[in-house]
Q: 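I have a structure here, written as structure tokens, and I will follow up with some questions on it.
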Amino acid sequence: MDPVNWMERLASHYEVMRSRYPEEKLIILFDIDGTILDTRYLTLNVLRSYDSVHGTSYFRNLRVPEITTHEDNVRELLARFGLPTADLERIAAWCERAYWSPDAVLWAHRPFSGVMEVMRWFQMQPDTFVGLNTGRSEAIREETLDCLNELGREYKVRFTSDLLHMNPGPRDRNVPHVKAAGTLQFQRAGYRVFAAVDNEPANLAAIAEMDPSHEIMLLHADTIFESQRKALPPRSVSGDVYDLTQLAQETDLPRHVQLVWHGINDARNLRLFLASNVAWGEADVRLHPASEQLVLRHDPLNGAHSCRQEDLLLLEDVLESVGASGKSIKLDLKEGGPVVHESLAALRQSGFDDSRVWFNANFHVLGKEGFAVLQDAYPSAIFQVPIDAMVPILLSRPEEGLECLEELRSRGINRVSVKWNRPQMSRLVEQLNAWGFETNVYNVPDLKAFLKTALLQPRSITSDFNFPQWHYFGRGSGQEGKYHEYAVETQVI
């Protein structure tokens, strides 16, 4: 067993199967309870509901980490509370009836961290599908789909009835047989099953028996389970963390999402950008108060040390290097006035055409006049403004927010930018796309956040590329690498 690398092993197996069957529909099958959904929250909700209905306070102080038993073993959990036998049996019987009621199925669940992102990643791959193979009763099909789709909405994950196999009998009847039958049903429907994820060892053993070729990778979600661990097939792989960074590779990124290396404002970061596969580099442009040259710096030039010319890169030098590499430039204009006109002169001198130019600025910094000057010079370029201050309006009063965006569009703005950690980011990106606005997500700090953002499929992502896992060690525009948890100087490039 290798609990650390189960996602890496899954990625490797998927690549092998994709290469072996390039024209077939591949599918990965997930169990639901204990695999996608953390059933401890179901147990906690049901027990607290008992207190509420019966006017008791037995479970008032119960917390999720204290629930270490399977939902079908509620008596074992109740025994810890020192209840009289009659009370214990009464509460257990009540819980067993309540566990799979429509209300509990709809509202008392929470997915394990990362599992939705993993399923979304597979749903985005060509000719690849995510199926559900559950021991839940067919009687709660509609409630099950409603619950999962509500939970998956934030992650753009969608489940459909045709990819859901359920128990034709009661929930607890011969579940291993149901799992084997479900796997066979997907195969007969024309899918090549390449992996099965389940928390119950007995279920994986049943699937293994029907797979003599060993093409189905058996993934054991090492959470809470009822059957014996010794039932796990020897070839199964266990893990308890759904880590997208172990699964997704740089080559798997959505093709249409433009990537931007944030803050190529120093020689090291510029060099790393030029050596990378990232097409766009962002430079923060300011006018040096002493030399009146355009220099690259994120923070204001307002101190004696920060204003030393020798510490800063010149825009014209960076444009020369980026232009010679064939890459493209995103200019974050921190000031208006002379910065606008001199930036245009530097771009023309370096031979950049519209397809390789992107301007970003706060609208109040450049104003409509400043943006008009840029648009006259590069009419087909990208013109972007950050709209973080507008997000609450966009989400709470969309009609009013749309009016504000249309005003920006009338000024030639063709892309808007928002910080990655905004609440309801998925909903926001979806809404902006529906309105016809291309969206850039910026300030994305690490690989985990980057991949989660990529799953939302905005038009572009601006990041520091602080991704040691991919051998990228960018520092972004922060001075002295202060946003990193490791010492940049120790990395081997």
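Not measured: the values here are computed from a predicted model.
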Q: Classify the ring geometry between Tyr14 and Trp121 as parallel (under 30°), tilted (30 to 60°) or perpendicular (over 60°).
A: perpendicular
Q: Under a 4.0 Å N-O cut-off, is there an ion pair linking Asp87 with Arg90?
A: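 The answer is yes: the pair qualifies as a salt bridge.
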Q: Does Thr134 form a side chain to side chain contact (heavy atoms under 4.5 Å, CB included) with Met166? I'd like the steps, not just the answer.
A: CA-CA 5 Å; Thr134 178; Met166 306 190 77; 3.9 Å; yes
Q: Okay, side chain of Thr462, backbone of Tyr442: is any donor-acceptor separation there less than 3.5 Å?
A: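 No; judged by distance alone, with no hydrogens or angles, the pair does not exist.
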Q: May I ask you to check whether Phe122 and Phe194 place their ring centres under 6.0 Å from each other?
A: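 Centroid distance Phe194-Phe122: below 6.0 Å, so yes.
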Q: Does this structure show an ion pair linking Glu89 with Arg75, if we count only N-O contacts that are shorter than 4.0 Å?
A: yes
Q: Would you check if there is a donor-acceptor pair between the side chains of Arg80 and Thr69 at a distance under 3.5 Å?
A: no
Q: Between Thr128 (side chain only) and Met124 (backbone N and O only), is there a donor and an acceptor less than 3.5 Å apart?
A: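 No, the answer is negative, given that no donor and acceptor are paired below the 3.5 Å cut-off.
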Q: Could you list the donor-acceptor pairs under 3.5 angstrom formed between side-chain atoms of residues 396-405 and any protein atom two or more places apart in sequence or on another chain?
A:
| residue | atom | partner | partner atom | Å |
| --- | --- | --- | --- | --- |
| Ser396 | OG | Pro392 | O | 2.6 |
| Arg397 | NE | Glu400 | OE1 | 2.8 |

Q: Parallel under 30°, tilted from 30 to 60°, perpendicular over 60°: which one fits the rings of Phe225 and His220?
A: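 Perpendicular: the ring planes of Phe225 and His220 meet at over 60°.
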Q: Centroid-to-centroid, Phe273 to Phe465, below 6.0 Å?
A: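 Distance test on ring centres: not under 6.0 Å, no.
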Q: List the steps, then state whether side chain to side chain contact (heavy atoms under 4.5 Å, CB included) holds for Leu232 with Leu204.
A: CA-CA 7 Å; Leu232 278 174; Leu204 292 174; 3.8 Å; yes
